[in-house]
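Numbering of residues begins at 1 and proceeds along the displayed sequence. Because the structure is predicted, anything quoted here is derived from the model rather than measured.
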Amino acid sequence: MACVYIPVQNSEEEVRVALDQLPRDASDILDILKAEQAPLDLWLIIAREYFKQGKVEQFRQILEEGSSPEIDEYYADVRYERIAILNALGAYYSYLGKIETRQREKEEHFILATQYYNKASRIDMHEPSTWVGKGQLLLAKGEVEQAFSAFKIVLEGDRDNVPALLGQACVEFNRGRYADSLELYKRALQVYPNCPGAVRLGIGLCRYKLGQFQKARQAFQRVLELDLENVEALVALAIMDLQANDAAGIQKGMDKMRRAFEIYPYCAMALNYLANHFFFTGQHFLVEQLTETALAVTNHGPTKSHSFYNLARSYHSKGDFEKAGFYYMASIKEINKPQEFVFPYYGLGQVKLKSGDFRTALSNFEKVLEVYPDNCETLKALGHIYVQLGQVDKAQEFMRKATKIDPRDAQAFLDLAELLISSDTGAALDAFKTARNLLEKGGQAVPVEVLNNIGVLHFEREELELALESFSKALGDGVWLALTGNKPKPYVIEASASILDYKDMQVFHRLEEDGLAVELPWNKVTVVFNLARLHEQLHNTGIANILYRLILFKYPDYIDAYLRLAAIAKARNNLQLSIELVNEALKVNDKCPNALSMLGDLELKNDDWVKAKETLRSASDATDGKDSYAILSLGNWNYFAAIRNEKRNPKLEATHLEKAKELYTR
C-alpha cells in the first residue's frame, strides 16, 4: 500500500497518508498540508494521486490552493515545486480546452492555462517544463508554428529532452512532414526506451501516412501489447482491417471498433465508423444517435466533417433532401478543400440536382472532378446537368469521356446515345448497340426502351429488316405474334383487311375465347405502335391496321393510333372515314395539334376551305403559335387560296400571297 508521510511541525512525528484511501473531501488533507507546512512535492504527489483516481475536482482544489498568493509568499524560496504545480494546472486547463466543444468555454480554459504558464515563467523564464507546457497549449489551440518555437527553445538547451522531442514530433506531423516526425519519435524512444505506449502510436501514424502499412500495423500492435485498452491503437488497426475490403477484414475491423467503443464510448472516430457500418445495415436511428454523440465530443474539423456526412447521407437515403443538404453543407464547412474529404461535395451535388438547382450541383460535381478526374459517375452527372442547362455539346463531351474511361459502363453508353439522337443518329445507334451488347454480355435483361430506340433508329435510316428484328426482340412473346405471324387465324385476316370496322373489337374477344391472353403491357405500347408503323412502311397495311386496333382495344385514349388509322384511310382515298377517325382522336383531346392539323389538311382536300382555315388556326393556337407544321399548313391555305382557278381578285390574291410569305417565314 503506497503511503506518504507528512512531517509534524516541531516534532519527530509524521502523519501517515494512505494514497489509496484519500478522503473524499480534499479540505481534510489540505488542512493537514497547510497546518504542517508540508513540502510542496507532497502536495503534488497527493494531487496527482487524486487525478489518477478520477477525482479531478479534488486534484484541482489542492493545486489551486498550492498556487495561492499565501503559499507563494510562504514558499518563496521553493522554485521548482511551485513551477511544477503551476505547470500541472496549465496542462490541466490545456486539456480541458482541447476537449471542450463549446467555443466560449474552450477559450476560457485556454486563457486560464496561459495565465498559469505565464506565472510559472515569472518564477523562472528558462524552465524547460514550462516551455514544453506552453508548446502543448499552442498545439491544442492549433498554433503550430508558435508551438514549434516553444519546443525549439527547449531542444536548443537539451537536445534529448523527451517531452520536447514528442512535442516537436507532433508539430512535424501536423505540418505533413511525416518522415521528420517519425525520426523525432524514434529519437525519443532511443533516449527513453520506457516511453508510454502512446509514443509508438505516433510512430504507427507516421508509418501509415508514409505508406509503410505493415510497419504501421506492427507499431499499433506493440501499443496494445503495452496497453490493452489503448482506444486509438484499436481504432487505427480497425481502420486498416476495414481497408482490406474483404469479408474477413471487415468483420475483424468492426470487432475492434466495437471493442474501442466499449472501452471508451466517446471516441469520435470509432463512433463515426460504427455509424458508417449501421448506415449500410439500414439502422438509421443508430446512425443518427452515434453521429450526434460524435459531434458532441469532438471539435476536430475533419472528424466533425465525417460525422456531418454520416448524418447527411442517412437523411438522404430516407428522402429528406432538405436536412441532407443542410448536413452536407455542414460537412463541407469543416474542411478546407475537397482533397481532404470529397464525399460531401458529391452528396450535395446529388441533392441540388434533385431540387433543380443545376448551377450549385454543377459547382459541387466539378469539385469532385478536381479530386477524381476519371470518376465515371461524376462525369455522367455533369453530362445530365449540362443537358438541363441546354449545353448539349458540353454534355456529350462528358458522356464520351465517361465511355472512354470505362468502356464496360452500359449506362454511360445509354446516356450518350440519348444525347446523340437529335444530332447524329448513326453515332446514337452505335452507342445503343454497344450498351445492348454490354448488358447481354453481363447477363442483364436489355430494357424494352433500349431495343425500341434501336428499332426506331434503324427505321429512320430505312433499314427496315433490322428495325423489324429489334422491335420483335423488344416485344418477345405476346398476342401480337398471333396478329402478325405467318399463319394468322381467318377471322384475324378478315378483320385486318377492312378498316371500316375500326370500332369492332370482336376479333380480340374471339382470340380470348380461343385461349389466347390479349394483354398489352404499358411499357410495350410504344413498341407495338412502332411495329405497326413499320408494317405501314412495308405496305402491310392490314397488319398495321390490326395492331393499331389492338392498342385502341387496350388503351382507348391512345390518340396516335387513331391518327395512323386515319392516315391509312386517307391513303385509300376514303376521306370521310379519315375525318371520322381524326374526330375520334379529338374526342380524347380537342386541342391535340397533330389531330387538328391533320383534320385541316383533310378538310382542304375535301374542298371545305372555310372550315379548314378555322381548324388550322386552332392547331396553331393549341401550341401558342409554336407548331411549325400548323403554321406551314396555314401558309399553304393562303397560297392555294391565292392561285385557285376561279375568277381571281388581284387584291385578294396579293393579300393571300403576302400572308403565305409571312407564315412560311415564321
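- Taking NZ of Lys394 as the reference point, atom CG of Leu419 lies at 14.0 Å (rounded to 0.5 Å).
- Nearest heavy-atom pair across Glu288 and Ser314 is OE2-OG, 3.1 Å.
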> Between Tyr328 and Tyr345, is a side chain to side chain contact (heavy atoms under 4.5 Å, CB included) present by the stated rule, with each step listed?
Replying inline: CA-CA 7 Å; Tyr328 281 132; Tyr345 289 96; over 6 Å; no

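- Qualifying side-chain contact (heavy atoms from CB on, under 4.5 Å) partners for Glu440, counting only residues two or more places apart in sequence or in other chains: Arg436, Asn437, Val446, Lys473.
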>> Between Leu286 and Leu274, does the side chain to side chain contact (heavy atoms under 4.5 Å, CB included) criterion hold? Intermediate values first, please.
In response: CA-CA 9 Å; Leu286 286 173; Leu274 287 168; over 6 Å; no

> When you look at Asn453 and Glu418, which way does the side chain to side chain contact (heavy atoms under 4.5 Å, CB included) test go after all the steps?
Replying inline: CA-CA 9 Å; Asn453 287 343; Glu418 294 284 356; 3.5 Å; yes

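- Checking Ser181 against Lys209 by side-chain atom types alone, no donor-acceptor pair falls below 3.5 Å.
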> Given Arg259 and Glu262, is the salt bridge (Lys or Arg N to Asp or Glu O under 4.0 Å) satisfied, shown in steps?
Replying inline: CA-CA 5 Å; Arg259 194 170 139 214; Glu262 287 162 7; over 6 Å; no

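- Between Asp409 and Thr403, the closest side-chain pair of non-hydrogen atoms is not below 4.5 Å.
- With rounding to the nearest 0.5 angstrom, the CG atom of Leu242 is 10.0 Å from the CD atom of Gln251.
- Contact annotation: the side chain of Lys304 never approaches that of His300 to less than 4.5 Å [non-hydrogen atoms, C-beta and beyond].
- Applying the side-chain hydrogen bond (donor to acceptor under 3.5 Å, both in side chains) test to Thr130 and every residue at least two apart in sequence or in another chain returns Asn87.
- Within a 6.0 Å sphere centred on CZ of Phe343, heavy atoms belonging to other residues, nucleotides or ligands number 12 at most.
- For the atom pair Asn161 CG and Tyr192 OH, the distance stands at 13.0 Å (nearest 0.5 Å).
- Closest non-hydrogen pair, Arg400 versus Leu416, comes out as CG-CD1, 3.8 Å.
- In this structure, the side chains of Leu271 and Thr291 stay at 4.5 Å or more apart for every pair of heavy atoms.
- For Glu340 and Lys337, the salt-bridge test fails: no basic side-chain N is under 4.0 Å from an acidic carboxylate O.
- When the shell of 6.0 Å around NZ of Lys433 is examined, it contains more than 12 heavy atoms from other residues, nucleotides or ligands.
- The backbone N or O of Arg217 sits nowhere less than 3.5 Å from a side-chain atom of Arg222 that would complete a donor-acceptor pair.
- Taking every heavy atom of both residues into account, Leu438 and Phe413 meet most closely at CD1-CD1, 3.8 Å.
- Environment of CZ in Phe321: crowded, with over 12 heavy atoms of neighbouring residues, nucleotides or ligands closer than 6.0 Å.
- Below 30°, between 30° and 60°, or above 60°: for Phe398 and Tyr386 the angle between ring planes is below 30°, a parallel geometry.
- Although no hydrogens or angles enter the test, the distance criterion places a donor-acceptor pair under 3.5 Å between the side chain of Asn174 and the main chain of Cys170.
- The pair Lys106-Glu100 fails the salt-bridge criterion, with no side-chain N (NZ, NE, NH1 or NH2) lying under 4.0 Å from an Asp/Glu carboxylate O.
- Taking a cutoff of 4.0 Å between a charged side-chain nitrogen and a carboxylate oxygen, Glu108 and Arg104 qualify as a salt bridge.
- Nearest heavy-atom pair across Arg48 and Phe59 is N-CD1, 4.4 Å.
- For the pair Arg313 and Phe279, the cation sits on the ring face: its NZ or CZ lies under 6.0 Å from the ring centre, inside 45° of the axis.
- A 4.5 Å side-chain heavy-atom check between Lys441 and Leu439 finds every atom pair outside the cut-off.
- Summarising the geometry of Asn375 relative to Thr378, their closest heavy-atom pair is OD1-OG1, 2.7 Å, with the distance given to 0.1 Å.
- Using a 4.0 Å cut-off between charged side-chain N and carboxylate O, Glu145 and Arg175 make a salt bridge.
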>> Under the criterion ring-ring contact (aromatic ring centres under 6.0 Å, His included), I'd like the reasoning laid out for Tyr315 against Tyr327: C-alpha separation, chi angles, the key distance, then a yes or no.
In response: CA-CA 9 Å; Tyr315 285 114; Tyr327 285 117; 5.8 Å; yes

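- Atoms CG and CG, from Leu389 and Leu362 in turn, are 6.5 Å apart once rounded to the nearest 0.5 Å.
- A salt bridge links Asp255 with Arg258; the closest basic N to acidic carboxylate O contact falls under 4.0 Å.
- Remark: side-chain polar atoms of Glu127 are paired, donor with acceptor, to backbone N or O of Ser129 under 3.5 angstrom.
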>> Could you walk me through whether Lys352 and Ser363 satisfy the side-chain hydrogen bond (donor to acceptor under 3.5 Å, both in side chains) test, starting with their C-alpha distance in whole Å, then the side-chain angles of each, then the deciding distance to 0.1 Å, before giving a yes or no?
In response: CA-CA 10 Å; Lys352 293 299 181 182; Ser363 169; over 6 Å; no

>> Apply side chain to side chain contact (heavy atoms under 4.5 Å, CB included) to residues Asp241 and Ile250 and explain how you reach the verdict.
In response: CA-CA 6 Å; Asp241 287 338; Ile250 290 169; over 6 Å; no

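- Tyr264 has its side chain out of reach of Glu229: every pair of non-hydrogen atoms, C-beta onward, lies at least 4.5 Å apart.
- Atoms CZ and CD1, on Arg60 and Ile62 in that order, are 11.0 Å from each other to the nearest 0.5 Å.
- Ring geometry, Phe341 versus His306: the interplanar angle falls under 30°, so the pair is classed parallel (tilted spans 30 to 60°).
- Between Lys186 and Glu183 there is a salt bridge, with a side-chain nitrogen of the basic residue lying less than 4.0 Å from a carboxylate oxygen of the acidic one.
- Formation of a donor-acceptor pair under 3.5 Å by the Thr298 side chain with backbone atoms of Leu295 is not found in this model.
- Applying the ring pair (Phe, Tyr, Trp, His ring centres under 6.0 Å) test between Tyr178 and each of Tyr185, Phe173, Tyr208 identifies Phe173 as the sole match.
- Counting only distance, with no hydrogens or angles, the side chain of Ser305 and the backbone of Gly301 share no donor-acceptor pair below 3.5 Å.
- Annotation: Glu322, atom CD; neighbour count of heavy atoms from other residues, nucleotides and ligands within 6.0 Å does not exceed 12.
- Taking the six-membered ring for Trp and thresholds of 30 and 60 degrees, Tyr92 and Phe51 have ring planes more than 60 degrees apart, a perpendicular arrangement.
- Side-chain contact check for Ser331 versus Asn310: every heavy-atom pair is 4.5 Å or farther apart.
- Between the side chain of Asn364 and the main chain of Thr360, a donor-acceptor pair closer than 3.5 Å is present.
- With rounding to the nearest 0.5 Å, the separation of CD1 in Ile46 from CG in Leu22 is 6.5 Å.
- Taking the six-membered ring where the residue is Trp, Tyr93 and Tyr116 present parallel rings, their angle staying beneath 30° rather than reaching 60°.
- Using modelled atom types, no side-chain atom of Thr303 and backbone atom of Asn299 make a donor-acceptor pair closer than 3.5 Å.
- Between Ser94 and Tyr117, the shortest heavy-atom distance links the atoms OG-CE1, 3.8 Å.
- With salt bridges taken as basic N to acidic carboxylate O contacts below 4.0 Å, none links Lys367 and Glu370.
- Counting only heavy atoms from C-beta outward, the side chains of Cys267 and Val235 approach each other to under 4.5 Å.
- In this structure the side chain of Arg200 reaches within 4.5 angstrom of the side chain of Leu189, judged on heavy atoms.
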